[in-house]
Amino acid sequence: MPIKEAEKSYDHDKIEKKVQKFWKEEETFKKVNELREKGPRYSFLDGPPYCSGKIHLGTAWNKVIKDSYLRYKSMNGFSLRRQAGWDMHGLPIENKVEHLMDIQSKQDIEENIGIAKFVDKCREFAIENKIAMEQQFDQLGVWMDWDDPYMTLDPKYMESSWWTLKRANEQDLLVNDQRVISWCPHCGTALAAAEIEYEEKVDPSIFIKFPVTGEENTYFLVWTTTPWTLPANLAICVNPEFDYVYVSKDGETYIIAENLMETVLGKQVKIRRTKIPAESEDEEDKVIEEKEVMYEVIKTVKGEDLVGMAYDYILADEIPKQMEFDSEIEKVHTILPGDHVELGEGTGLVHTAPGHGPDDFEVGQKFGLPIFCPVGEDGCFTEDAGKYDGKFTKEENDQIIEDLQAKNLMYRVETIEHRYGVCWRCKTPIIYRATKQWFLKVTDIKDKMLDEIDKVEWVPKWAGEGRFHDWVDNARDWTISRQRYWGIPIPIWECPDCGELKVIGSLDELKQESLNEINVSDSELIHRPYVDEVEVKCDKCGATIKRIPDVLDVWIDSGVAGWASLYYPEEKEKFEDWFPYDFITEGHDQTRGWFYSQLGTGVISMGKSPYQKVLMHGFVLDENGNKMSKSLGNVVSPEEVIEKYGADVLRFYLLWASKPWDDLKFVWDELLNVNKMINILWNVYVFSTTYMSLDNFNPNEITEDDIILRSEDKWIISRVNSLVKDVAEDLDNLFFHKATRKIYDFILDDLSRWYVRLIRGRTWVESDDPDKLGAYYSLYTALVKLISVLCPIAPHVSEEIYENLVKGVNPEAPESIHMLNWEYDAEAIDEDLEAKMDVARQVIDASIRARDMAQYKLRWPVSDITVVSPDENALKAISELEDIIKDQSNTKEVLTAAEFDKLSFNAKPNLKILGPKLKGDMGKVVKGLKAADGNQIKAELDANGTVTIEGIELNSEEVLFDSELPDDFVSSEFDGGNVFVNTNVTLEIRQEAMARELIRRIQDMRKDLDLDVEANINVDVETSQEFKDLIVPQSEVISHEVRANSLIITDTEECSKDSKDYTKEWDIEGEKVIISIKN
RNA sequence: AGGCUAGUGGCACAGCUUGGUUAGCGCGCUCGGCUGAUAACCGGGAGGUCAUGGGUUCGAAUCCCAUCUAGCCUACCA
């Protein structure tokens, strides 16, 4: 089968659909994997995207990096595991389902809908979303094992996470503790640090007067932005090191940190200046200064002097519970020392509510304060809050302020704009609550985690060394319990009587331990609510015990993917083959997410990091550098791009536009560049197939004897092999931007703009000319190599070209381009030749530039050009590639020289030196130099170092030269020297030039007629006697170039033409020329 | 408040590791050319205080310090 002529234009939609259909029907992905089965393993783990239903450009980028890299690895012979992963549990889905089912609260779920139904809905929703996203990835041409993915809702996956918790418990890393944690009042659950986002929020900023017990009109000034925590206030902290002042103002005394006094109370002394104009000019204006003291400092004490003082609780009437504490516990409502108190904001006296702040909690524990938290899981005050019972915390801010104002305990009320934490999904501002939660004691394994980070190879380096290291270093214990429904149930059964824990590590274990009969599927059994019903026996006291009701933080779900996706430890074989992973890659948001959760659970389960190399990639931003978000309305969807330009263009663009670890500004105009590149590749392909199919070219039937390879042929073959080599290096380093930019430059510069241009003439030759076949062969080789480099990145268009170019002529060829090995021919690389070609190109560019500036048409030949360069290697390159230069510069001869001897020089005196030296004799020398032949003077100076003018000896410093080009020359610079073009038009040149002019017009007319490239024509030309004489000697050339069977050139008078022929009248260099053609 | 990253013509980027001609490329703009790859190509031109300020050096886009701006991450912003 021969090479087929390609479709004239690049239709991405048609090609990509066709290729994807081919992959599906032929199960190409599977076959490629089988092909590499025996190769060395390269293990990769897909970070599971959350099943939100829609992928965005960031997700697309992520998968494109993975896909391109893995396709490359596969071509290098590695056996891969390309299992897709899906993150399918968690609050985001619960929130969406709540929305769909119009659910308002947890109570709704538990009492009206039922957990079973709610969980079912969540499962259904997650699976629907997964399917939708699969299609989107598929459209991108991402090759992953979509049929056998790992899913966090898979019971076999989930039991692995149970095992991890069991491991944690064995190492005493699993603890239940009362602590103050972040809490989402809407979702009614604890949140981990990773689940909190920050937004600008406006909150009250109030200064409260806490009356000092037993001292009339004396107050501690305290600042807070959360009035709703005041009902839980149990103490005030001061820093024992700081100085505090007693200030008397408006009849009251305030205690405040000295450094913050003026910030809060204002300037202590105000100065008013009154100017009294002077009465006469001799006197100066009088200024009267009046000092007004706003308040007075009575005394200064150290913070530690305040410690132990008591204050009257400010909401004593509203909250009876508070007064119980007051009477029972000594430290309640007193001043306590705290090193955490700083002077950045506030008053230096910190309102302390152990139930509402992590620091406060610690202080409370230290001094034996009760952990008083009169707020329920819905964010509403409880009975303990007395007057405020049942009200939502944040909404009660105003009421509390009002109550305090009524008691005259408010010093000042303002608002403040600051960043405040919100729930990552429902955007509700979080509150701090003291609750009992389950924790992984990350603080105990932190050192090990930090060690492991150092062993991992990070790309870029700062991702691990800076960012991630910092995050882990600052990590607190990980709150893993969630008071929700759709998640992995925490496998802890706790005995209410003796407190004994039983942590179940697998489904089998659960079934064995269960006291109930189990008659539901594994998938149901391992989810709520079924697992809640399973009762087991307490190992210690024998009591029948139930599971704690919480589910796991979803970050655990994905954190355990390394072994859970391999069903370890229930299954061992695959685990041993693939764990730990050679490579993972995710966005920089995953520093605190997946990179962290895997490392934590990995150290707990395996004692090491599950990954060995990490590429941390950037974010896709809009063209202004802003994050794409629905609220800004600047989101560009991958589908939109694919529809306009296709998946290959998008894929290439994503890897080309920025360094992988930098953020990527998505700019539509830039996409056009890539689109253009692919179009040009396609044009080269069309160009190739047009001639190759015409000549029935079959590369497999060519032997060395059939072809002649010119320098440019060897050059392009060398270049393409260099490309393969260089791109491999870049891809190995994960420098996708460098790899794609090299490919881009190769297609545009080397292949299209240079090589195709060089060989254009040769493709016009008919018959099996070895020179033409040499061009075909080289072009073919270059194209096939090129697509094999391109195919990991733009897999569709490469496959399409491969199908025709390779499979079309070789039935034995692998059935997909993705089955090729990544190879290059080191022997074919000739760096010396590549360097020489660079010189030749520059010379040609320079000569064209020179002609262009002189408005000497390139179409007209010149008799010679002279390349002048001091660099011998450059001159050598030029003579070696002389034919190319001749052809492309349209010159009959290429001369080289170290110096251009046709330059004429005019000598002139160096006035700066000669002026002072000669004085009166200057005139003579000026005249003499002007009259003399500059060239002669230069020669003499070069030879002797001196020259004598009018009897005066001058040295080379004293004479300057202007160089002058002869009229017939134009010149232009290139990197290594100058090119001089001889533009003298001889008769011969004029003849050839006019022939070219004529040819150009006939070609133009052929095009008008839309003739086939190979069609023959008959041409009549009528023109003046003079013009006829110029072109007749060129008849043969003209006929050949325009494929004319006959060419009749006549004087105007003799003319008689057939009116049916296509006839056009032209003006060529002032001559009237009438051309008729017929085919 | 701390950490990380970045700031180079209108736009998007390279160069910075290892200091050294006239800071480079593409797009865009503009003027001109070419015409059998033509939705292509070639040439000329305008357009840059390399964020700012210091320092080191014979010499700084590049190294150092400080500042500003932006993005991200973090924080016990009470």
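Letters A, B, ... are given to chains in the order of the sequence lines, protein chains preceding strands, and every chain is numbered from 1. We use all heavy atoms of the structure for the numbers below, so side chains are in, but hydrogens, waters and symmetry mates are not.
Distance Lys665(A) NZ to rG10(B) P: 14 Å, rounded to the nearest Å. Straight-line distance from the NE2 atom of His617(A) to the P atom of rC4(B): 22 Å, rounded to whole Å. Note: CZ (Arg851(A)) to P (rC34(B)) measures 13 Å, nearest angstrom. A straight line from CG of Asn673(A) to C1' of rA40(B) spans 15 Å, rounded to a whole angstrom. A straight line from CD of Glu670(A) to P of rG10(B) spans 16 Å, rounded to a whole angstrom. Residue Phe619(A) contributes atom CZ, which lies 14 Å from atom C1' of rC4(B) at whole-angstrom precision. In this structure, Trp860(A) places its CH2 atom 24 Å from P of rC42(B), rounding to the nearest Å.
Using a 4.0 Å heavy-atom criterion, one finds that Val222(A) contacts no nucleic acid atom at all. Across all strands shown, Val180(A) has no heavy atoms under 4.0 Å from either base or sugar-phosphate atoms. Across all strands, Arg760(A) comes closer than 4.0 Å to base atoms (heavy-atom distances). Note on Trp223(A): a base of the nucleic acid sits closer than 4.0 angstrom, heavy atoms only. No contact: Ser658(A) has no heavy atom under 4.0 Å from any strand. The residue Val756(A) sits close to a base: some heavy atom pair falls under 4.0 Å. Among the atoms of the strands shown, only primed sugar atoms or phosphate atoms (P, OP1, OP2) are found under 4.0 Å from some heavy atom of Lys659(A).
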Tell me, what's RNA chain B's dot-bracket, Watson-Crick or G-U with both distances under 3.5 Å, | for other-strand, [ ] crossing?
(((((((..((.(......[...).)).(((((.......))))).....(((((..]....))))))))))))....
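A salt bridge does not link Arg757(A) to Glu712(A): none of the charged nitrogens lies less than 4.0 Å from a carboxylate oxygen.
For the residue pair Thr443(A)/Asp477(A), the side-chain donor-acceptor check at 3.5 Å is satisfied.
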